[in-house]
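Read the structure below first, then the notes.
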There are 2 protein chains.
Amino acid sequence: MTNLFANMREKEIKKLMQVLKSNTVTYRKNINILSNRTRDDYIAIIDSGSLQIIFNDYDGNKTIIEELNTGEIFGSLTYSLNTDEITCITKEETKITYIEYNQITNDEIIKSDFYIIFIKNLIRLLSDQLNICNQRIELLTQRTTRDKILGYFKQQSTIKGSKTFIMNITFTELAAYLSVDRCSMTREIGYLKEEGFIKTNGRKITLLY
Amino acid sequence: MTNLFANMREKEIKKLMQVLKSNTVTYRKNINILSNRTRDDYIAIIDSGSLQIIFNDYDGNKTIIEELNTGEIFGSLTYSLNTDEITCITKEETKITYIEYNQITNDEIIKSDFYIIFIKNLIRLLSDQLNICNQRIELLTQRTTRDKILGYFKQQSTIKGSKTFIMNITFTELAAYLSVDRCSMTREIGYLKEEGFIKTNGRKITLLY
DNA sequence: TGTAAAGTGTTGCAAATGCAACAATAATAT
DNA sequence: ATATTATTGTTGCATTTGCAACACTTTACA
């Protein structure tokens with residue numbers, strides 16, 4: 001369940017969605033969901049499923065800017081998607097709820113008694129997204145692949161609260177996340193193991209320092 | 001210029017700050033302003049001045065994660081700063097207003113008639129920050145220095161609405177922003193000029209394609 | 001106004017990295 | 001159960017990039 005509705009009852013959520021004039025669309029896998037969006041400001045909430053925001057280079061390269069999962073939000077409020085260079089592809093069957101930005105302060109909703117909760121949830125969600133972005137920037141600005149990998153492992157270790165943890169993404173996805181060549185990354189992880197900095201067993205990582 | 005107090009009168013701003021129990025501190029140049037922050041969630045607004053958020057590597061390297069200027073916000077709502085690895089240094093004399101996150105929905109303020117404006121401003125500010133982050137990620141995820149530079153120039157060209165524009169940061173700062181070696185960047189810009197992709201004159205850039 | 005600090009430009013060299021082209025295994029779908 | 005797709009591992013090689021060590025110019029400031 002989406003955080004946008006945290007601390008709200010089913011009935012309130014239904015009412016909220018109605019007052020916000022939200023609309024929900026379900027997409028099949030591998031659909032470009034931005035092709036039919038308007039140019040107005042909007043918030044899109046992933047009710048279920050996941051998607052990738054992809055940057056299409058001038059010479060045909062594709063870069064995954066962001067992967068978004070259930071509960072997360074996107075839309076013009078988080079990233080200007082109104083350009084041909086950006087596409088947004090569902091990774092699986094995905095349900096999206098759209099809310100027009102201007103509706104979040106419409107006359108009816110600000111009178112409802114769950115409005116403050118909703119607004120606080122929205123702020124928290126934007127805030128979470130911002131934290132995620134900044135954490136990634138912290139890694140992307142590292143000069144070497146080694147520092148990116150170690151930085152990621154350290155973040156995970158902090159989140160999981162242990163020097164041993166299991167990665168919840170694949171190595172292929174990690175390479176994309178850190179924006180490095182997967183093969184070079186594998187090579188570097190090999191060196192890190194040789195030099196005794198880490199131990200790995202599949203996606204189980206142990207920091208030895 | 002976006003700011004937390006857009007569309008509010010002087011008197012309302014004063015009232016708001018009071019109700020929010022905000023406190024304002026002025027720092028001199030080169031001060032680490034995080035040394036005395038609590039661990040509560042808070043929003044910090046830069047009333048005037050500027051600062052850098054710096055990541056301190058395990059082996060002494062410093063990376064500028066973010067540069068923030070007048071009107072922008074930071075704090076735990078945007079980036080977890082509660083770690084020794086992060087320092088936050090004023091670049092000049094800087095005035096900061098702190099607001100406890102929990103205060104933004106206190107009993108008194110939600111009754112005020114400028115509350116909706118304030119909340120909308122806050123959401124807009126978070127949203128702007130998120131857009132800035134994502135734009136930078138778009139550049140940082142480019143594989144080559146060339147693509148980073150061209151990406152940045154393209155963004156600027158779009159923002160300024162012309163193929164000729166003047167950079168509002170120094171080349172040294174651009175290198176830090178793109179997280180590449182300044183010398184390598186200069187070299188690459190040289191190649192781009194030779195190959196006829198761009199023309200430069202100081203910080204005036206012209207795209208020729 | 002003079003001096004220190006910051007920004008810019010250049011280049012050789014070593015090291016890191018992306019790319020390509022594989023093979024092998026694991027996961028998923030029909 | 002089997003075919004198909006995704007993930008992982010490996011390695012040679014060319015290229016890109018960071019680093020270091022300069023000189024020169026511009027800007028800041030005491």
Side-chain angles (χ1 to χ4, degrees), chain A residues 28-30 50 52 57 59-64 67 89 91-93 139-151 166-195 197-205, chain B residues 28-30 49-50 52 57 59-64 67 89-93 139-151 166-195 197-205:
Chain A
R28 272 174 301 118
K29 191 178 170 175
N30 290 324
S50 59
Q52 294 181 323
D57 219 295
D59 52 46
N61 284 327
K62 287 173 191 298
T63 317
I64 301 166
E67 282 227 17
I89 310 287
K91 283 186 72 185
E92 56 198 302
E93 180 168 302
L139 301 177
L140 290 174
T141 50
Q142 293 306 305
R143 291 170 230 24
T144 63
T145 299
R146 166 166 297 214
D147 286 340
K148 285 175 185 159
I149 298 166
L150 288 178
I166 293 169
M167 283 172 46
N168 37 23
I169 56 173
T170 66
F171 284 100
T172 303
E173 285 169 328
L174 177 57
Y177 182 71
L178 300 177
S179 199
V180 296
D181 180 64
R182 186 191 59 80
C183 306
S184 303
M185 189 186 80
T186 308
R187 178 167 38 200
E188 195 63 37
I189 288 173
Y191 295 152
L192 283 169
K193 288 202 278 190
E194 272 178 35
E195 295 171 37
F197 286 108
I198 58 169
K199 225 168 52 185
T200 74
N201 181 4
R203 289 175 204 161
K204 188 171 115 188
I205 314 291
Chain B
R28 271 174 302 119
K29 191 178 172 176
N30 290 324
S50 60
Q52 293 181 323
D57 219 296
D59 51 48
N61 284 326
K62 287 173 191 297
T63 316
I64 301 165
E67 282 228 18
I89 309 287
T90 54
K91 283 185 72 183
E92 57 198 300
E93 179 167 303
L139 300 177
L140 290 174
T141 50
Q142 294 306 307
R143 290 169 231 23
T144 63
T145 299
R146 167 167 295 214
D147 286 340
K148 285 176 185 157
I149 297 166
L150 287 178
I166 293 168
M167 282 171 48
N168 36 25
I169 57 174
T170 66
F171 283 101
T172 302
E173 285 169 328
L174 178 57
Y177 183 71
L178 300 177
S179 199
V180 296
D181 181 65
R182 186 191 59 81
C183 307
S184 303
M185 188 186 82
T186 308
R187 179 167 39 199
E188 195 63 38
I189 288 174
Y191 295 151
L192 283 168
K193 288 201 279 190
E194 273 177 35
E195 295 171 38
F197 286 108
I198 60 169
K199 225 168 53 184
T200 74
N201 182 3
R203 289 176 202 159
K204 189 170 115 186
I205 313 290

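Order of the sequence lines sets the chain letters (A, B, ...), proteins ahead of strands, with each chain counted from 1. Predicted model only: the values in this text are computed from it and were never measured. These values consider heavy atoms only, across backbone and side chains, with no hydrogens, waters or symmetry-generated copies.
Taking CE from M185(B) and CG from L174(B), the interatomic distance works out to 4.5 Å, rounded to the nearest 0.5 Å. L192(B) CG to L150(B) CG: the interatomic distance, rounded to the nearest 0.5 Å, is 5.0 Å. Atom CD1 of I149(B) is separated from atom CD1 of I189(B) by 4.5 Å, given to the nearest 0.5 angstrom.
Atom NZ of K91(B) and atom P of dC29(D) are 12 Å apart (whole Å). Between the CD atom of E195(B) and the P atom of dT16(D) there is a distance of 10 Å, rounded to whole Å. If you take CG of D147(A) and C1' of dA15(C), they are 14 Å apart, rounded to a whole angstrom. Whole-Å rounding puts the L192(B) CG to dT16(D) P distance at 12 Å. Whole-Å rounding puts the Q142(B) CD to dT16(D) C1' distance at 15 Å. Distance, N30(B) CG to dC29(D) P: 11 Å, rounded to whole Å. Here dC29(D) presents its P atom at 15 Å from CZ of R28(B), a figure rounded to the nearest Å. Atom pair K148(B):NZ and dT16(D):P shows a separation of 14 Å (rounding to whole Å applied).
In the helix from dT1(C)-dA30(D) to dT30(C)-dA1(D), the rotation axis of the first five pairs and that of the last five pairs differ in direction by 70°, rounded to 10 degrees.
Regarding contacts with the backbone of dT16(D), every side-chain N or O of T145(B) stays at 4.0 angstrom or more from both OP1 and OP2. Side-chain nitrogen and oxygen atoms of T144(B) include none within less than 4.0 Å of the OP1 or OP2 phosphate oxygen of dT16(D).
Annotation: salt bridge (Lys or Arg N to Asp or Glu O under 4.0 Å) contacts involving residues 172-195 of chain B, sequence neighbours excluded, comprise K91(B)-E173(B), R146(B)-E188(B), R146(B)-E195(B).
Evaluation of the side-chain hydrogen bond (donor to acceptor under 3.5 Å, both in side chains) rule for T144(A) yields D147(A) as partners, not counting sequence neighbours. Under the side chain to side chain contact (heavy atoms under 4.5 Å, CB included) criterion, S179(B) pairs with T141(A), L140(B), not counting sequence neighbours. Taking the side chain to side chain contact (heavy atoms under 4.5 Å, CB included) definition, one finds that N30(A) meets it with I89(A), sequence neighbours left out.
Side chain of T90(B) to backbone of R28(B): a donor-acceptor contact under 3.5 angstrom is found.
In the model, S50(A) has a side-chain atom that pairs as donor or acceptor with a side-chain atom of E92(A) under 3.5 Å.
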Nucleotide by nucleotide, nucleotides 8-13 of chain D touches protein heavy atoms under 4.0 Å in the pattern (B base, S sugar-phosphate only, - none) BBBBBB
